[in-house]
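As a basis for the values below, the full set of heavy atoms in this structure was taken, side chains included, without hydrogen atoms, waters or symmetry mates. Position 1 is the first residue of the sequence, and the numbers go up from there.
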Amino acid sequence: MSVTKLQRVLRICDFGVKPVKYAEALAVQERLAELCKRKEAPDTVLQLQHASVYTLGKRGQAAHFKVPKAILEQQGIDIHNAGRGGETTYHGPGQMVLYPIVNLRRLGLGARAYVETLEECMVGACGHYDIQARGQVPGRTGVWVEDRKIGAVGVKISQGVASHGIAVNISTNLTFYQNIVPCGIEDCEITTVEKEAGACVQVTEFGRLLVQQLQQKLKYDNVISIPPSELFAPGKMALA
């Protein structure tokens, strides 16, 4: 008797072009991660742009800020301890963020292989615009164009479930990076897809390319789009 192979299903939740507050997205991630640990939710990717925010990973330090935090907060810029790996970075409009909440045990991936896969997704999407980006740079995380950083990666893994993810600068206002030591690297030059491509690039289009890369590299059989309003609907939580 033949055994039917269960399909790998990936849900994509696109929050659209309106910037999402970091705390809101974090709460959604945490809820999904807990459900995923209990095998009560399928693998899900949150696709969004953030309202301006500085986030500190586990290695983030107060010394990474060149401007007092109080002044930044007075300017309406949020600051959050993210709980992910990595150091200090900026998120904001014009940057494509993907938060895959995925069960690495089901995917058969270890932490390092998963991070390298995320970097490969960014490299592949950049290649669509003839940008020669590279990941797996010794001593550094993320994706680089020569010595310019174009994409960041920072994940949290708990009980085999990954959260947080990747961020690629498309048309980001890079002046926000002047307030920090990005990723803890002094004199780190940050770049954007538009700058490297020499052309206008839609953030949502780049997000679509990232999702395609993720589906292919993690070998999902089926991808389902789901609006934020239905993310936790009982009828939308099938694992396969």
Side-chain angles (χ1 to χ4, degrees), residues 8-15 19-51 53-60 78-92 95-122 125 135 141-143 151-168 183 207 210-211 213-215 217-220 223-228 230-233 236-239:
R8 284 182 174 176
V9 174
L10 179 66
R11 300 190 306 171
I12 307 297
C13 183
D14 186 351
F15 281 73
V20 179
K21 285 281 192 179
Y22 187 81
E24 176 186 341
L26 182 60
V28 173
Q29 283 192 77
E30 290 174 343
R31 184 178 175 188
L32 280 171
E34 288 304 313
L35 290 170
C36 199
K37 290 174 191 176
R38 301 199 299 264
K39 299 181 180 179
E40 296 176 4
D43 291 354
T44 304
V45 174
L46 308 182
Q47 178 180 333
L48 54 88
Q49 298 178 61
H50 275 303
V53 60
Y54 293 107
T55 65
L56 292 84
K58 292 181 178 179
R59 298 194 304 274
D78 291 337
I79 299 172
H80 283 275
N81 289 311
R84 54 161 172 78
E87 295 170 294
T88 304
T89 194
Y90 167 78
H91 298 301
Q95 183 189 76
M96 186 74 257
V97 174
L98 289 192
Y99 291 135
I101 296 86
V102 297
N103 190 313
L104 297 183
R105 292 172 183 168
R106 282 202 299 254
L107 295 173
L109 283 177
R112 175 172 292 186
Y114 177 62
V115 169
E116 290 177 352
T117 298
L118 292 179
E119 290 179 347
E120 289 168 5
C121 289
M122 292 187 279
T141 61
V143 169
V153 57
V155 302
K156 176 181 179 180
I157 300 173
S158 175
Q159 298 177 40
V161 172
S163 57
H164 296 269
I166 57 178
V168 182
C183 306
L210 281 176
V211 168
Q213 290 285 323
L214 196 67
Q215 178 190 5
K217 288 180 168 51
L218 295 183
K219 298 180 172 58
Y220 286 100
V223 173
I224 300 170
S225 295
I226 185 168
E230 297 181 14
L231 200 50
F232 298 101
K236 305 291 185 178
M237 302 293 275
L239 296 179

Original post:
Would one find more than 12 heavy atoms of other residues, nucleotides or ligands at under 6.0 Å from atom CZ of Arg112?
Top reply: no
Using modelled atom types only, decide if a donor and an acceptor are shared between the side chain of [X] and the backbone of [Y] within a distance under 3.5 Å.
{"X": "Arg84", "Y": "Thr55", "answer": "yes"}
{"X": "Gln29", "Y": "Leu46", "answer": "no"}
{"X": "Glu119", "Y": "Gly142", "answer": "yes"}
{"X": "Arg11", "Y": "Ala41", "answer": "no"}

Where [X] and [Y] come nearest, the two heavy atoms and their spacing:
{"X": "Pro227", "Y": "Cys13", "result": "C-SG, 3.9 Å"}
{"X": "Arg106", "Y": "Lys39", "result": "NH1-CG, 4.3 Å"}
{"X": "Arg105", "Y": "Asn103", "result": "N-OD1, 3.0 Å"}
{"X": "Met122", "Y": "Ala167", "result": "SD-O, 4.2 Å"}
{"X": "Ala111", "Y": "Ile157", "result": "CB-CD1, 3.6 Å"}
{"X": "Leu48", "Y": "Phe15", "result": "CB-CB, 3.9 Å"}

To the closest 0.5 Å, what do you measure between [atom1] ([X]) and [atom2] ([Y])?
{"X": "Leu35", "Y": "Phe232", "atom1": "CG", "atom2": "CZ", "value": "6.5 Å"}
{"X": "Leu10", "Y": "Thr44", "atom1": "CG", "atom2": "OG1", "value": "7.0 Å"}
{"X": "Lys37", "Y": "Ser163", "atom1": "NZ", "atom2": "OG", "value": "7.5 Å"}
{"X": "Tyr54", "Y": "Thr89", "atom1": "OH", "atom2": "OG1", "value": "9.5 Å"}
{"X": "Ile166", "Y": "Gln213", "atom1": "CD1", "atom2": "CD", "value": "9.5 Å"}
{"X": "Thr88", "Y": "Leu56", "atom1": "OG1", "atom2": "CG", "value": "4.0 Å"}

Just wondering, do [Y] and [X] contact through their side chains at under 4.5 Å, heavy atoms?
{"X": "Tyr114", "Y": "Val102", "answer": "yes"}
{"X": "Asp43", "Y": "Pro100", "answer": "no"}
{"X": "His164", "Y": "Leu26", "answer": "yes"}
{"X": "Gln215", "Y": "Ile12", "answer": "no"}
{"X": "Val168", "Y": "Leu98", "answer": "no"}
{"X": "Leu218", "Y": "Leu109", "answer": "yes"}

Original post:
Thr141 pairs by side-chain contact (heavy atoms from CB on, under 4.5 Å) with which of Val153, Val155, Val115?
Top reply: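 Answer to the side-chain contact (heavy atoms from CB on, under 4.5 Å) test with Thr141 among Val153, Val155, Val115: Val153.
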**OP:** Indicate the ring-plane relationship of Tyr22 and His50, choosing parallel, tilted or perpendicular according to the 30° and 60° boundaries.
**Re:** tilted
